[in-house]
Amino acid sequence: MKDKSALYASVYEILRRIPKGKATTYGKIAKRVGINPRFVGRILSKNDHPEKYPCYKVVRSDGSLGGYTINGKVDPETITIKRRKLLEDGVRFNKDNVDKSSLV
DNA sequence: CCGTTGACCAGGC
DNA sequence: GGCCTGGCCAACG
């Protein structure tokens with residue numbers, strides 16, 4: 001993993017490894033691939049593949065959903081979709097935050 | 001080339 | 001419990 005494009009692939013690979021009913025955080029991924037947390041979000045927002053990778057399984061360390069962008073879409077509805085998809089996967093919620101017991 | 005930006009994080013108040 | 005600050009580091013204009 002030297003190329004920056006490989007970095008993207010690493011992040012997506014991690015998303016695929018998330019078990020059903022679980023979510024992960026930007027910070028955990030960042031540590032895993034060795035980059036800063038901000039860049040994780042940047043990767044997902046600019047180069048995500050919503051049909052192939054569960055980018056919606058990534059939330060903030062405090063359990064809040066953070067953001068959710070699809071193909072440059074910045075509508076407030078997308079964040080609602082993110083929450084619904086997490087629920088469909090069996091991730092437990094505590095009000096508007098992901099239950100920490102559902103984090104990996 | 002340099003300043004700003006960002007799907008963040010941890011710490012302090 | 002919420003808001004502010006500093007730090008992080010690649011990408012963008």
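Residue numbering restarts at 1 for every chain, and letters A, B, ... go by the order of the sequence lines.
At distances below 3.5 Å, not a single donor-acceptor pair connects side-chain atoms of A:Lys22 with backbone N or O atoms of A:Val91. Side-chain atoms of A:Lys82 come within 3.5 Å of backbone atoms of A:Val58 as a donor-acceptor pair (strictly under, hydrogens ignored). Between the side chain of A:Lys57 and the main chain of A:Lys85, no donor-acceptor pair closer than 3.5 Å is present. No donor-acceptor pair closer than 3.5 Å links the side chain of A:Thr69 to the backbone N or O of A:Ser45. Looking at A:Asp75, its side chain never comes within 3.5 Å of a backbone N or O of A:Glu77 through a donor-acceptor pair.
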With B for base contact, S for sugar-phosphate-only contact and - for none (protein heavy atoms under 4.0 Å), nucleotides 5-13 of chain C reads --BBBBSS-
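With hydrogens and angles left out, the side chain of A:Tyr26 and the base of B:dA7 share a donor-acceptor pair within 3.5 Å.
In summary, the side chains of A:Thr25 and A:Arg60 do not present any donor paired with an acceptor at a separation below 3.5 Å, with no hydrogens or angles considered.
Base-pair partner of C:dG6: B:dC9 (Watson-Crick or G-U wobble, both distances under 3.5 Å).
At least one side-chain heavy atom of A:Tyr68 sits under 4.5 Å from a side-chain heavy atom of A:Cys55.
Across every non-hydrogen atom of A:Val33 and A:Ser10, the tightest pair is CG1-CB, 3.9 Å.
Within residues 51-66 of chain A, the residues that place at least one heavy atom under 4.0 Å from DNA chain B are, in residue-number order, A:Cys55, A:Arg60, A:Ser61, A:Gly66.
To the nearest angstrom, C1' of B:dC9 lies 14 Å from CG of A:Leu103.
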